[in-house]
Amino acid sequence: MNQPKRYLITAALPYANGLKHIGHLAGAYLPADIYVRYLRAQQRDVVFVCGSDEHGTAIPIQAMKEGTTAQAIIDKYHPIIQQNFADLGISFDIYHRTSAPIHHETAREFFDVLNKNGDLETRETEQYYDEQAQTFLADRYIKGTCPNCGNPGAYGDQCEKCGTSLSPDELINPVSTLSGNAPVKKATTHWYLPLNRHEEFLRGWILKEHGEDWRPSVVGQCKSWIDGGLQPRAVTRDLDWGIKVPVEGADGKVLYVWFDAPIGYISATKQWALDNGKNWEPYWNDEETKLVHFIGKDNIVFHCIIFPAMLKLHGNILPENVPANEFLNLEGDKMSTSRGWSIEMEDYINDWIKPENGGGAMADALRYYLTSIAPESKDSDFTWKGFQQAYTSELVSVFANFVNRAFVLMHKLCGGKVPVFHNDLIDDQDKQLIEEIKATKEKIETAIEQYRFREAQFEVIDLARKANKYMQDKEPWILAKSLAEKPELQKQIDNCLHLCLQLTANLAIFANPFLPFTVQKMLHMMKVVDKMLSWDNAGSLKLLSVGYTLRAPELLFRKIEDSEIAAQIEKLHARLAKAQAALAATSGGAAPAAAPAEKADKSAKPEAAAKAEIQYDDFAKLDLRTGTILSAEKVEKADKLLKLQVDLGTETRTIVSGIAMHYQPDQIVGKQVVVVTNLASRKMRGIESQGMILMAEDASGKLHFVNPEEKINPGAGVS
RNA sequence: GGCGAGGUAGCUCAGCUGGUUAGAGCAUCGGAUUCAUAACCCGAAGGUCGGCAGUUCAAGUCUGCUCCUCGCUACCA
């Protein structure tokens, strides 16, 4: 598609259960915004849609925790996130929300079409059901003991302490969080999207058609999924928060959030069209529309496999590209809101973007640094020092300094007006600079169109660098000293500054997608209007009219003091300490060691996970005994498992334990441990495990043996 | 364990179908300069291209093995 008729650009819908951090910004929203601003400058027909993802179980769960309703949660976060994006210059054409009626209609229609066409399957399965609440329980509504780490407050989909993904069936002693009762199994029917039917299509479309133009990591990830065998995926759930399944008798069932969320792109487009008197249909149905999804790498499977399969079945166009980014780390560690190691967009805005702190210029400062370290091909690292350095030595010293020099000199040496260019005096340096301007245009075009924003932005600064050198070589301030005896030198001064000013105007065009706030300031100084930023004007040397009076220079950026950076770093650590303390307080003295950032973000902080009260008889069912580890070896093809031989006095048992990440086999031989000896045996990795070792987890997530103060005889009862 | 993506100067990254002394920006050091937010300009130093073997006249670039990081996945009592 060389010149598409129109573009539809999407950025991943943020989940409306909390604030979003700068890693999200760097991963999806910023690159998408740069791309869109670039397209707009080219007068392309482009719509940039995004919005809050407001369904899914984490929303009502969050509501329970905050003691409010699901509706209140989304009504709280939706406007905050929307405003955060606006403050950072992310220029959505619409920031919609999936709770909107038009989205419900759109998603139901979508489901309906697939269902009526026979593109879905139904299956009956056994699911946990809360008899008191008379409802099926979504995974998140079931709690129990984590089979991996023993955390008693693990959820049915994931243990937040150890980060393990779970299914409700794996929980030990499952309990409904609605009534506190043990749930029962009950049959329920659900609709499935049989992805397995589309393997051939996906293989051809992704691997053959886009094997070259999509990012290697995206293609690789897809290939991995397809090769792993695509399975039917449940499209509906038993839950009361979401979009009702549009089928007779499907009461209490809603569309699974992964199904309705991407459809949010379509409903957002519809709403945008309504608001602007446009027709939405070509954007999703016409082959000449270029659809691009900007996402983080955690979203690849949805946007490259599942949603395209849905779109194809529904008769829509498919994405032309899905430029997924990797992750942004923070000062060397994974970013995670729940762990307290993150910079929320809101934090940055409060500390830097408020008018008294720097305003839009500081939004551009963040945009600049995040783009310069964009995790396009691998995870990258945000550091405050790096932020300050990139800002000071590139944005300010090279870019802003050139603009300032050109303006100051123009005012000092050319009477505050754009000087005339004397064509008869043009020299090789002038010609070369002019060539550089034109070359920059093409370099930026090529880079942006291939989603290489880091490189594109580099070219902007690089042009400013060349401009600095040009000015340095020409030295108009030196020439000015001899004007008295050689008045003809004024012509050379004029030529130099004429070019520098035209180049400044070009810089504004080039920088516009990246630094929109700064560029507005430049336009003001040059007394020109937005229209000048049209991409067609790039490369032109007639952007500023000869004789035109320009405003006095004003600094584009303020200085960032070392103390500010030190304060931010300090703040970061303070927040971490605070979050860790809060976690420790609520989860019985333990904090997650390394909860996966994304997963942790989508769920709220673990709450005190007190188990239901039991009677002595319940406890007495356990047969706990001391044992001594006689030998330990790593289990083949399993990262976490050790196979232990444990001496229980009267017998020696084989126990498989998930502690390999914490102990070397030879470290633990001879250790005394406490064993649950009457636990039903279970086979793991082909080894029969005849018991369970009790472990305690410390605040860092490390496991420790629970054992007698002094060594005693193996087989001693514990009670 | 399986799969995927990466591992190139202190940092962030370029290096296409193998071919002159492996490049850029930042940081560092030295010099020059003052129009400019001590910025700009010039110069220097800095890499056995994760490791080992192989193919080749020639490998950062191809093949095999291996180590490390990240992600997905399996295992998880």
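Keep in mind that what you see is a predicted model, and the values were worked out from it rather than measured.
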With a non-hydrogen cut-off below 4.0 angstrom, is [X] in contact with a base, only sugar-phosphate, or nothing?
{"X": "A:Phe557", "answer": "base"}
{"X": "A:Ala406", "answer": "nothing"}
{"X": "A:Leu556", "answer": "base"}
{"X": "A:Asn401", "answer": "base"}
{"X": "A:Gly386", "answer": "nothing"}
{"X": "A:Arg465", "answer": "sugar-phosphate"}
{"X": "A:Val408", "answer": "sugar-phosphate"}
{"X": "A:Val656", "answer": "sugar-phosphate"}

Across nucleotides 6-14 of chain B, 5' to 3', mark each nucleotide with B, S or - according to how protein heavy atoms within less than 4.0 Å reach it. SSS---SSS
Spacing of the C1' atoms in B:G43 and B:U33 (rounded, Å):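 The same atom, C1', in both gives a distance of 14 Å.
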P-based separation of B:A9 from B:U48 [nearest Å]: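 Each nucleotide's P atom is 9 Å from the other's.
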Please determine, for the side chain of [X], which listed nucleotide ([options]) has the closest atom?
{"X": "A:Glu394", "options": "B:C40, B:G25, B:A36", "result": "B:G25"}
{"X": "A:Trp225", "options": "B:G71, B:A36, B:C72", "result": "B:C72"}
{"X": "A:Gln221", "options": "B:U34, B:U37, B:C72", "result": "B:C72"}
{"X": "A:Phe458", "options": "B:U37, B:A36, B:A24", "result": "B:A24"}
{"X": "A:Trp477", "options": "B:C35, B:U37, B:A39", "result": "B:C35"}

Do A:Phe382 and A:Tyr369 have ring centroids that are under 6.0 Å from one another?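 Centroid distance A:Tyr369-A:Phe382: below 6.0 Å, so yes.
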Whole Å only: how far is the CG atom of A:Leu555 from the P atom of B:U37?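 Spelled out: CG on A:Leu555 to P on B:U37 is 7 Å.
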How many whole angstroms separate atom CD of A:Gln472 from atom C1' of B:G31? 13 Å
Pairwise N/O distances under 3.5 Å, protein to nucleotides 60-63 of chain B:
none

Return the 5'-most residue of the pair A:Thr392, A:Lys412 with respect to RNA chain B, ranking by each residue's nearest nucleotide. A:Lys412
Any protein N or O atoms within reach of nucleotides 42-47 of chain B? Criterion: under 3.5 Å, listing atom names and distances.
residue : atom : partner  : partner atom : Å
B:C42   : OP1  : A:Lys469 : NZ           : 3.0

